[in-house]
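Single-structure report; data block below.
All values below come from the heavy atoms of this structure, side chains included, with hydrogens, waters and symmetry mates left out. Just so it is clear: chains get the letters A, B, ... in the order the sequence lines come, proteins before strands, and each one is counted from 1.
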Amino acid sequence: AQTVTQSQPEMSVQEAETVTLSCTYDTSESDYYLFWYKQPPSRQMILVIRQEAYKQQNATENRFSVNFQKAAKSFSLKISDSQLGDAAMYFCARTGANNLFFGTGTRLTVIP
Amino acid sequence: SQTIHQWPATLVQPVGSPLSLECTVEGTSNPNLYWYRQAAGRGLQLLFYSVGIGQISSEVPQNLSASRPQDRQFILSSKKLLLSDSGFYLCAWSAGTTGSPLHFGNGTRLTVT
């Protein structure tokens, strides 16, 4: 089965600290894309970061960066200098044919 | 810039009643369009996607249907709602090129009573 697994249903981080959210996936394709989406209490899905599987360099967007391990099929998200506004559900996703496969999400709490 | 509008934001409908959720995209042409459902505590499940007018692909057999009467309009419908249709429905669009991300609407919370 081509699935995306997020093994941490909930995580918490102290404000200004760093947290890493885990994601593993399964695929038989050699070329694909990976995404992290953020869903705050407003429920809107917001794209956080994108990684192309054929690029070995880890993607970075300001305080958000990924650790992409293609051989291990792992795609973790690191949030540095956590802010209260980072509190949300975070979903990892992988491209499929005309689709994105999503994980079940990790709820991140930021402690002031 | 591209924007996506989805309405209504909230809907409470009795069992057996019809459903129509609408989604429109502005600022782009020939987008891929998607309907997802998100159950509580779970990820997103793809219901339908469309790569062009009148072209609908269904991923999950169910009580729902989708239509794309115009290039940037995507409608999710049901003739008779079931209790199990309750959930959070999200419309999304993408440019359709390889690796292009999905951009989501604000979602519709549907409660079937």
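- The cluster map of Ile, Leu, Val, Met, Phe, Trp and Tyr, joined by side-chain heavy atoms under 4.5 Å apart, puts Leu84(A) and Leu108(A) in the same cluster.
- Interatomic distance, CG of Leu44(B) versus OH of Tyr37(A), reported as 10.0 Å (0.5 Å rounding).
- Under the 3.5 Å distance criterion, the side-chain polar atoms of Tyr34(B) are left unmatched by any main-chain donor or acceptor of Leu100(A).
- A pairwise comparison of heavy atoms in Arg50(A) and Gly99(B) identifies NH1-O, 2.6 Å as the closest pair.
- Between the CD atom in Gln38(B) and the CZ atom in Phe102(A) there is a gap of 9.0 Å [rounded to 0.5 Å].
- Neither Phe88(B) nor Ile75(B) shares a network with the other; the hydrophobic side chains, linked directly or stepwise wherever heavy atoms of I, L, V, M, F, W or Y lie under 4.5 Å apart, form separate groups for each.
- The cluster map of Ile, Leu, Val, Met, Phe, Trp and Tyr, joined by side-chain heavy atoms under 4.5 Å apart, puts Leu82(B) and Val60(B) in different clusters.
- Heavy-atom distances place no part of Ser94(B) under 4.5 Å from chain A, backbone and side chain included.
- Membership of the apolar cluster around Leu81(B) extends to Ile4(B), Leu11(B), Val15(B), Leu19(B), Leu21(B), Val25(B), Leu33(B), Trp35(B), Leu47(B), Phe48(B), Ile56(B), Leu64(B), Phe74(B), Leu76(B), Leu83(B), Tyr89(B), Trp93(B), Leu110(B), Val112(B), as traced through chained side-chain contacts below 4.5 Å between ILVMFWY residues.
- Using a 4.5 Å cut-off between heavy atoms, Gln39(A) touches chain B through its side chain atoms alone.
- Nearest heavy-atom pair, Phe91(A) versus Gly43(B), reported as atom, atom and distance to 0.1 Å: CE2-CA, 3.8 Å.
- Listed options Ile46(A), Leu47(A), Asn99(A) were ranked by heavy-atom pairs under 4.5 angstrom with chain B; first place goes to Asn99(A).
- Interface summary for chain A: among Val51(B), Leu46(B), Leu90(B), the most heavy-atom pairs under 4.5 angstrom belong to Leu46(B).
- Judged as a side-chain hydrogen bond (donor to acceptor under 3.5 Å, both in side chains), the pairs with a partner in residues 104-113 of chain B (not counting sequence neighbours) are, in order, Gln44(A)-Asn106(B), Gln6(B)-Thr108(B).
- Annotation: Lys70(A), atom NZ; neighbour count of heavy atoms from other residues, nucleotides and ligands within 6.0 Å is above 12.
- Both the backbone and the side chain of Arg43(A) come within contact range of chain B, with heavy atoms under 4.5 Å apart.
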